[in-house]
Number of protein chains: 2
Amino acid sequence: MLEQIEQPLQIVSSWNAYQAACPTRLMLNRIADKWTVLVLGLLENETKRFSTLQREIGGISQKMLTQTLRGLERDGLIARTVYPEVPPRVEYKITPLGNTLVGLLAALRDWSETHMDEVLQAQRDYDQAQQAASNPEAASGVRVVRF
Amino acid sequence: MLEQIEQPLQIVSSWNAYQAACPTRLMLNRIADKWTVLVLGLLENETKRFSTLQREIGGISQKMLTQTLRGLERDGLIARTVYPEVPPRVEYKITPLGNTLVGLLAALRDWSETHMDEVLQAQRDYDQAQQAASNPEAASGVRVVRF
DNA sequence: CCGTATCCTTCGTGATACTG
DNA sequence: CAGTATCACGAAGGATACGG
């Protein structure tokens, strides 16, 4: 049952994303893609159709959705099934490999949504500090005291 | 001690990354940036200098490192300290907010490094299937049987 | 040493139109 | 319905040179 497939003399390589040429860099690129995060999130629990995905992801173009789905399929993270009907129906579902990743991406999405306020505040502070630095007392005669 | 700072009548907004205009989209963009993942990873445990970061991240240009660091600083994820010495010394360290994120990013890096082999294999399979589909029996007289 | 400024090339992205 | 093809544009990214 679990008979091992003969391995073609594999070099046991330990990947390292800090190496410029490491393929994990490409992987990070895909994982880190905003559309990837959103698409995999929707497929986490259920199989979905192309049009459904496009409807549920605000602002994604047909081209980018196709491109993202193709990439994910190629990487083995999702599976694409075509039903030979008229009109055609195509369904996408997550693979076991994809399932090992989807939790991490959900965590990223959650982090973004949870900490968005803090980040927005930090941005305001930063921009204000920049403004003050380049324009010491321009805005008004009021001295801004930070503490 | 834990006296609350007066909140400016904040609307309790629940962010949703599936909305096109949601700021969390921007957050995902930054988080999901390959350089962000690598930079924050290096700053997880220790304060580092600009030149050290550049040396440790293979293939990053000065421009992109600067850009990434600025963005992270603006988002409140890292802090930048300039020591008024000659020659100048600048150190970057992670903030408490950044600390809440760095674990997730480490998990992403780990996932990439752990599952790289499976992904590469999936890519080979996909490419081969594509090749076979577009070129049914061209490569040789041998019929390829998949199962 | 730590940047900023500039140029230049490449890539991603959206809009549009067309096909099985 | 679910794509593919093409074009056109701006942003991303690298290389180089210069500045505090």
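Each chain gets a letter, A, B and so on, in the order its sequence line appears, and its residues count up from 1. Bear in mind the structure is a predicted one, so any value in this text is a computation, not a measurement.
Dashed line: the shortest gap from a side-chain N or O of B/S51 to OP1 or OP2 of C/dC2 is under 4.0 Å. OP1 or OP2 of D/dG3 sits under 4.0 Å from a side-chain N or O of A/Y92. Dashed line: the shortest gap from a side-chain N or O of B/R49 to OP1 or OP2 of C/dC2 is under 4.0 Å. Between A/R80 and D/dA2 there is no side-chain polar atom (N or O) within less than 4.0 angstrom of OP1 or OP2.
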- Task: Test A/R74 against B/Q130 for side chain to side chain contact (heavy atoms under 4.5 Å, CB included), laying out the working first.
- Result: CA-CA 10 Å; A/R74 180 168 184 264; B/Q130 289 302 103; over 6 Å; no

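In this entry the distance linking CD of A/Q54 with P of C/dA15 reads 11 Å, nearest Å. Taking atom CG of B/L65 as the reference point, atom P of D/dA12 lies 17 Å away to the nearest angstrom. One can place CD of B/E85 at 15 Å from C1' of D/dG20, the figure rounded to the nearest angstrom. As rounded to whole Å, 9 Å separates atom P of D/dT4 from atom CD of B/Q130. Atom CG of B/L69 is separated from atom P of C/dG3 by 7 Å (rounded to the nearest Å). The NZ-C1' distance, from B/K48 to C/dC1, rounds to 18 Å in whole Å. Distance CD1 (B/I60) to P (D/dA12): 15 Å, rounded to an integer number of Å. Atom CZ in A/R70 sits roughly 18 Å away from atom C1' in C/dT13 (whole-Å rounding).
Closest to the side chain of A/P88, from the set D/dC1, C/dT4, C/dG14, is D/dC1.
For the pair A/K34 and A/Q62, both in contact range of DNA chain C, the more 5′-proximal nearest nucleotide belongs to A/K34. Mapped onto DNA chain D by nearest heavy atom, A/E91 and B/K63 fall at different nucleotides, with A/E91 at the one closer to the 5' end.
Checked by atom type, the side-chain pair A/Q121/A/D117 shows no donor-acceptor distance below 3.5 Å. No side-chain donor-acceptor contact under 3.5 Å links B/W15 and A/S112.
Counting any heavy atom pair closer than 4.0 Å across all strands shown, A/Y83 reaches no nucleic acid atom.
The existence of a salt bridge linking B/E91 and B/K93 is excluded, since no basic side-chain nitrogen approaches an acidic carboxylate oxygen closer than 4.0 Å.
Listed for the B/T95 side chain is a donor-acceptor partner under 3.5 Å among the backbone atoms of B/G98.
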